[in-house]
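The structure under discussion appears below in the form of structure tokens.
By convention in this document, chain letters (A, B, ...) are assigned in the order of the sequence lines, proteins followed by strands, and residues within each chain are numbered from 1. All of these numbers come straight from a predicted model, not from anything done at the bench. Side chains are part of it too, since the values below use all heavy atoms of this structure and drop only hydrogens, waters and symmetry mates.
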Amino acid sequence: MSSDFIREMIAADVAVGKNGGRVHTRFPPEPNGYIHIGHAKAFLLSYGVAQEHGGRFNLRFDDTNPTKEEQEFVDGIIEDMRWLGVDWEDRLFFASDYFEQLYEWAEVLIRAGKAYVCDLSADEISAYRGTAVERGGQVVTPPGMDSPYRKRPVAESLDLFRRMREGEFPDGSRTLRAKIDMAHPNLNMRDPVMYRILRATHHRSGDAWCIYPTYDWTHGQSDAIEGITHSLCDLSFENHRPLYDWFLDNLPVPYRPRQIEFSRLNITHMVMSKRKLRRLVEEGHVRGWDDPRMPTLRGLRRRGYTPEALRAFVRGVGVTKSEGMVDLAYLEHCLRQDQNVRAPRVMAVLDPVRVVITNYPEGEVEWLDAVNNPEDPAAGTRVVPFSRELWIEREDFMEDPPSKFFRLAPGREVRLRYAYYVRCEGVVKDANGDVVEVHCTYDSATRGGDAADGRKVKATLHWVSAPHALDAEARLYDVLFRRERPEAVDEGDDWLSGLNPDSLVTAAGCKLEPSLAAANPGERFQFERKGYFACDPDSRLGRLVFNRTATLRDTWAKVRAGE
RNA sequence: UAGGGCGUAGCCAAGCGGAAAGGCAGCGGCCUUUGGAGCCGCCAAUCGGAGGUUCGAAUCCUCCCGCCCUAACCA
């Protein structure tokens with residue numbers, strides 16, 4: 001059982017009986033987009049930790065900004081989390097459920113002289129806060145200056161705050177601010193804004209409010225209301241922890257959750273910020289949030305990633321505070337590890353070239369046994385038809401092969417998987433000199449793939465009987481960004497300039513063995529020697545579409561690349 | 001600049017004063033009816049650097065260096 005610093009801290013809390021030994025965690029997404037694999041790291045950690053202690057896990061939407069949030073994303077996030085096996089039972093919450101309570105607590109702070117209504121504009125607040133400025137080539141951070149409204153009498157602030165709620169003032173004209181310390185070295189403590197006036201329809205509360213609490217004012221109290229014992233979040237909130245604690249210290253809340261921060265997940269060749277993902281979608285660089293090239297959970301799902309593979313990946317990368325960049329190869333490794341033992345094998349020719357077995361009787365068909373998964377005998381066998389005309393992979397034949405190539409070539413003998421040894425006797429070319437047919441003879445004594453005389457053959461090829469083949473489209477994906485770190489671009493360069501123009505290659509004329517006729521969207525297969533594929537929802541009867549989730553490891557490709 | 005954080009192999013990551021786990025990638029080899037899978041072997045005289053404490057330091061102390069975050073009425 002692998003541990004990490006967060007699990008150690010929580011175990012230590014439990015050991016000393018903190019919170020009565022209770023462990024209660026949560027995941028607080030903002031419903032302003034679909035969640036990605038980085039979010040999965042976060043909620044799988046929180047959910048996993050709760051489970052390990054027989055504790056509870058809440059899903060709470062932090063929906064405090066009505067201008068960005070939508071019900072569509074609430075539904076999508078729920079669906080994605082369930083798909084990954086997370087269960088919050090009946091504890092689905094919304095920060096907007098706490099708006100009234102939050103409002104009351106704001107009045108508590110005002111009455112205690114710890115919050116005040118401020119009439120400064122956004123720019124003025126920023127200036128008063130003491131934003132860093134360059135002075136004589138040096139960046140200097142001046143202390144903040146008190147807002148002129150900071151000494152506003154309690155009664156006046158209270159009156160103004162109530163009228164803010166009543167809608168007496170225009171958007172952005174006033175804010176409610178916590179009265180903490182304008183000289184505090186932590187900028188978050190320089191009288192942060194708690195409420196802003198904002199006339200926008202909220203996806204849940206509708207038009208009931210025209211003032212909305214900020215995230216900072218909402219977050220810690222929401223955790224406290226729910227009795228969260230351990231609030232796990234990413235490093236960017238470390239600076240906010242003193243503020244959350246200050247609010248909690250000054251409010252009659254039932255709990256003081258312990259916040260622990262960890263580093264976010266980064267994966268090579270991927271962008272992981274919602275803002276950037278949104279741009280990819282909105283500008284049409286991908287086909288949508290569920291495009292199989294996206295790191296979103298729905299994208300990975302459509303691509304063919306399994307919950308098991310994703311969970312193994314997240315477990316495998318660990319939890320620390322160091323900000324690293326995980327190699328995409330590790331994600332693919334986890335998928336292969338998972339699918340190798342589970343995915344049914346099937347023969348599919350992605351780039352077909354016709355083979356004619358010249359000494360095989362015309363019109364004859366043999367149904368040959370093929371194992372469904374050599375890693376899993378329980379998966380059983382199926383039959384595949386063999387006939388005089390077949391499809392093989394174009395790259396499996398070379399007229400003039402290099403020394404390391406041991407597939408089909410003139411005069412060479414190879415095995416057709418589960419079928420026969422065949423020897424290439426010649427080719428037919430078109431006017432351009434391209435090979436359109438490979439002519440072979442077969443050895444009838446090698447039925448099933450073994451030679452009675454014990455002679456060996458170096459290569460085994462996959463194939464599909466031409467008259468029985470199903471037509472299909474395969475979508476072959478590559479990294480969306482060429483660079484390992486898409487965000488690391490030169491000054492003035494747009495990160496989008498690093499998009500890989502070949503991230504999607506559509507192979508239209510693929511040929512599949514007939515057993516695939518009944519494939520349903522979402523079903524996964526290993527196309528032997530080619531990779532793991534998942535049936536896409538775009539599939540139609542007689543026109544299947546498959547997404548390549550990942551290729552198989554390919555040592556021949558490596559040999560070829562090295563030359 | 002201020003405040004906060006991070007630095008162990010190409011990447012992720014154990015390590016918690018008794019002397020560098022593991023995984024990915026890579027490289028050799030074995031095996032193979034997927035050039036897949038599996039199996040075996042190799043891959044850190046040294047832990048960002050320099051001092052110090054100690055019989056003993058990746059682990060403790062000091063200073064230095066590098067990188068990241070915050071400086072929204074976003075979350």
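- Side-chain nitrogen and oxygen atoms of A:R264 include none within less than 4.0 Å of the OP1 or OP2 phosphate oxygen of B:rA75.
- Side-chain atoms of A:H184 and base atoms of B:rA2 include no donor and acceptor less than 3.5 Å apart.
- Taking A:E332 as the reference, A:R336 meet the salt bridge (charged side-chain N to carboxylate O under 4.0 Å, His left out) condition, with sequence neighbours excluded.
- When the nearest nucleotides of RNA chain B are assigned to A:Y244 and A:G324 by heavy-atom distance, the more 5′-ward of the two goes with A:G324.
- Ring-plane geometry between A:Y103 and A:F161 is classed as parallel, the angle between the planes falling under 30 degrees on a 0 to 90 degree scale with a further cut at 60.
- Contacts of A:T268 with the nucleic acid, taken as non-hydrogen atoms under 4.0 Å apart, are absent.
- No donor-acceptor contact under 3.5 Å links the side chain of A:E238 to the base of B:rU70.
- Nucleic acid contact class of A:S126 (heavy atoms, under 4.0 Å, all strands): sugar-phosphate only.
- Cation-pi geometry between A:K276 and A:W495 is satisfied (NZ or CZ under 6.0 Å from the ring centre, within 45° of the ring normal).
- Side chain A:R407 to base B:rG35: a donor-acceptor pair is found below 3.5 Å.
- Not one side-chain nitrogen or oxygen of A:S263 sits closer than 4.0 Å to the OP1 or OP2 atom of B:rC6.
- Cation-pi geometry between A:R204 and A:F94 is satisfied (NZ or CZ under 6.0 Å from the ring centre, within 45° of the ring normal).
- A stacked arrangement is not assigned to A:Y215 and the six-membered base ring of B:rA75, the conditions of a centre distance below 5.5 Å and an interplanar angle below 30° not being jointly met.
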